[in-house]
Amino acid sequence: MRITLLTGKTSDLPQKIQNELDFPIKIISSPRAGKLTLRIDSKERLPVLSVPKRCPVKKAVDFVNFHKEWIFDSLKKIPDSKTFEDTETFSLFGRLVTICHNPKLRKGVFLENNILYVSGEKEFLHRRVRDFIKKQAKNIFYAKSQELAQKIGCRVKDVTIKDTKSRWGSCSSMCNINYSWRIALAPEFVINYLIAHEVSHLKHQDHSRNFWNCVRALEPECSKGRLWLKQHGKELYLYE
Ligand SMILES: [Zn+2]
């Protein structure tokens with residue numbers, strides 16, 4: 001490997017560094033960068049090197065090579081994100097549905113005999129399916145939450161469908177419940193557990209013994225649902 005010892009000129013420094021490396025890397029030469037730093041851009045699946053303006057090429061190359069193992073380990077750890085695709089079969093509110101994309105359809109997105117028909121351009125297929133699930137989730141989760149709440153003498157004010165990846169659901173003191181739309185992709189017993197969990201918070205704002213007794217009374221299979229989320233929840237988060 002040829003090592004250039006010369007100080008790189010402003011614009012060709014990134015290219016000179018890249019030429020010395022045997023894997024792709026994004027190099028940002030910045031007058032503001034005080035020192036060499038490496039990070040991983042998980043969206044682009046690339047290591048990113050920030051280089052001070054007058055950094056010798058050899059110094060930068062040695063720095064990257066020193067951290068090569070960390071770079072490859074980190075790249076491997078980035079999970080693949082998932083989008084809905086034509087002919088894909090997945091679980092929607094506990095029933096298996098298959099996507100059928102047909103650009104000529106006029107009706108947007110609709111479900112008929114376990115076939116989810118999607119019209120429009122292919123590029124928008126994922127977004128249309130996701131929006132459809134969110135809309136359905138709002139109605140289905142609201143009805144189910146209200147039904148369970150009545151059993152424990154409570155009332156749900158509103159249900160909001162969220163995109164956050166940090167939690168599956170939450171319940172406010174104002175009797176509003178939030179659910180992640182991705183829970184719609186889980187098996188039915190998991191959905192039932194989560195709704196029983198959030199509804200029980202209308203009565204118990206903690207995770208005390210009384211709270212769990214309430215969840216169990218509403219959904220006897222709650223332990224199974226909880227375990228499933230722990231083991232498989234990450235798979236649902238892969239959906240963009
Ligand atoms: Zn909780």
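Both ligands and their constituent atoms are indexed starting at 1 by order of listing.
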(request) Please confirm whether F141 and F93 have ring centers closer than 6.0 angstrom. (result) yes
(request) Applying side-chain hydrogen bond (donor to acceptor under 3.5 Å, both in side chains) between T98 and each of N114, T87, T89, report the one that passes. (result) T89
(request) Measure from the Zn ion (ligand 1) to every N/O/S atom of H201 and report the name of the nearest one. (result) NE2
(message) Within the structure provided, determine whether N176 and T160 are in side-chain contact (heavy-atom separation under 4.5 Å).
(response) no
(request) To the nearest 0.5 Å, tell me how far K53 NZ sits from S30 OG. (result) 9.0 Å
(message) Nearest 10°: the angle subtended at the Zn ion (ligand 1) by H207 NE2 and H197 NE2?
(response) 110°
(message) Is C171 close enough to the Zn ion (ligand 1) that one of its N, O or S atoms comes in under 2.8 Å?
(response) no
